[in-house]
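Quick notes on the structure that follows.
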Amino acid sequence: MRIRRVTIGAAAALTVVAALVAASVGSAKSAATFRVAVVTDIGSIQDKGFNELANKGRLVVEKKWDNSSIPVDTRLFVTKTAADRLPNLQAAAQQGYNLIFGVGFLMFEPLNVVAPAFPTRNFAGIDVTKFLLESDPKNYTGIQFAEHEAGYLVGFLAGLQVKRQGGKQIISAVGANNVPPILKFASGYVQGAKRANPQIKVLWNLANDPTFSDQAKCKEQALRQIAKGSQVVFQIAGQCGLGALSAAKEKKVWGIGVDADQSFLGPHMLTSALKKVDRAVISLTGLARAGKLAQQTDVLFTVKNGGVGLGKISPRVNKADIAKAKGAQRSIAFGRVKVKDLIKLKPVN
């Protein structure tokens, strides 16, 4: 897939270079304190998913090592607009944080600028493979997830559920934007659904929401899909996707959550495709704190290592179908089922 790069303006680049002068800002904490910053992506930490999970991981690590010989001090930098990504990363580096997480695929360009400018800091990009950073900084670790595996599992369960309940054999998915993690979730969803139910039709649409928070846009797409006969709506759109799940609830069809377990939204929730961003924050913090974090590489979270998977399944689902879905999860973990990370997806008008 071709990645469209965004050019950082000269003024912003000069700001980063100038910030090197302040890169040695001291900490009020003990020199032994390990300091972690999490820079969110746009969409707010109340998105019930991606950003909220990153913040959850931050809170866990601070508490986990609070009374240890090397305590962890953390801070959250909230990105409200796309223009905040670069200065937030830069501010975290200037303020002396040892490990700085950039959350979200669209952090790739700011990380490409800031990481090499602050070589004594460690940077980790959630959903940002090291191959996207042309500067190839020695202090960078990419964090990747097998979203296609989680998507396969929820699609498999959706295919079984629709087959059992009858009616139009149609399910759907709503994405926010055309970015790799979303496309991987959707690709797996289609493959899993067709494996469980060869007669299934999967509707796919993008809300084209750059903010990841416009619930009205996702709700509109979901309502159109439901009008075409979709019996299950999978949201792959962060906070925007909560609108799609709202549509599913209103129209009394199934909803599938993403990233976090979103079963709390109501009895219409079939399950969720888990992407354990909090676990990634905890795991990499522990490694970095111990001086064992591998750099200039990617860390991959999969079904096999527990980084992605199925969330809570509705108690209304037939137990035999639950067993089949969990069997599919084991098959992926043991390598008996291979899921393609990307397939051709065609939006349905």
Side-chain angles (χ1 to χ4, degrees), residues 40-54 79-82 103-106 127 145 147-148 150-151 154-155 157-158 162 170-190 192-193 201-275 277 311 314 345-349:
T40 71
D41 204 354
I42 54 178
S44 95
I45 60 167
Q46 285 82 40
D47 61 2
K48 308 301 181 186
F50 198 73
N51 282 319
E52 190 169 308
L53 285 171
T79 301
K80 295 181 179 178
T81 70
V103 180
F105 172 78
L106 295 174
D127 284 348
F145 293 86
E147 293 97 346
H148 51 294
V154 297
L157 186 63
V162 169
I170 301 174
I171 62 174
S172 61
V174 177
N177 289 304
N178 196 32
V179 297
I182 290 175
L183 297 178
K184 286 166 67 181
F185 268 126
S187 294
Y189 184 64
V190 172
K201 179 179 180 181
V202 183
L203 307 180
W204 162 246
N205 294 97
L206 291 170
N208 295 313
D209 174 23
T211 71
F212 292 88
S213 60
D214 191 336
Q215 295 186 33
K217 286 185 176 181
C218 281
K219 185 172 185 177
E220 178 185 2
Q221 294 299 328
L223 288 172
R224 288 179 178 177
Q225 293 172 341
I226 295 167
K228 290 181 170 67
S230 176
Q231 298 193 60
V232 183
V233 177
F234 178 27
Q235 79 96 342
I236 324 171
Q239 192 171 1
C240 171
L242 296 178
L245 297 180
S246 172
K249 183 177 182 178
E250 287 181 14
K251 297 300 182 180
K252 295 181 172 54
V253 301
W254 291 105
I256 297 177
V258 76
D259 297 334
D261 192 318
Q262 296 180 328
S263 58
F264 65 89
L265 291 172
H268 66 295
M269 297 300 295
L270 182 65
T271 187
S272 299
L274 300 186
K275 178 175 176 177
V277 175
S314 170
L345 298 166
K346 185 177 180 181
V348 177
N349 295 323

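Please read these numbers as outputs of a predicted model, since none were measured by experiment. Below, each value reflects all heavy atoms present in this structure, side chains not excepted, and no hydrogens, waters or symmetry copies.
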Compare all side-chain heavy atoms of [X] with those of [Y] and state whether any distance is below 4.5 angstrom.
X: V233; Y: I226; answer: yes
X: V190; Y: W204; answer: no
X: V154; Y: F185; answer: no
X: K275; Y: F50; answer: yes
X: L270; Y: V232; answer: yes
X: K249; Y: L265; answer: no
X: K48; Y: Q239; answer: no
X: L223; Y: K251; answer: yes

_N/O donor-acceptor pair under 3.5 Å between N177 side chain and D209 backbone_ =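 Yes.
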*Within the distance-only criterion (no hydrogens, no angle test), does the side chain of T79 pair as donor or acceptor with the backbone N or O of T40 below 3.5 angstrom?*
yes
_Distance in Å, L245 CG paired with K219 NZ, rounded so as to fall on 0.5 Å steps_ =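 Here the interatomic distance stands at 11.5 Å.
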*asked:* Test of understanding: with ring pair (Phe, Tyr, Trp, His ring centres under 6.0 Å), list the residues that count as partners of Y189, not counting sequence neighbours.
replied: F234
For [X] versus [Y], what's the shortest heavy-atom pair and its separation?
X: M269; Y: G257; answer: CE-N, 3.3 Å
X: L345; Y: S187; answer: CD1-OG, 3.9 Å
X: A193; Y: V202; answer: CB-CG2, 4.2 Å
X: I42; Y: A82; answer: CG2-N, 3.8 Å
X: A260; Y: L274; answer: C-CD2, 3.7 Å
X: A237; Y: V258; answer: N-CG1, 4.4 Å

*Go through the structure and list residues passing side chain to side chain donor-acceptor pair (under 3.5 Å) with N205, not counting sequence neighbours.*
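For N205, the residues satisfying side chain to side chain donor-acceptor pair (under 3.5 Å) (neighbours in sequence not counted) are Q225.
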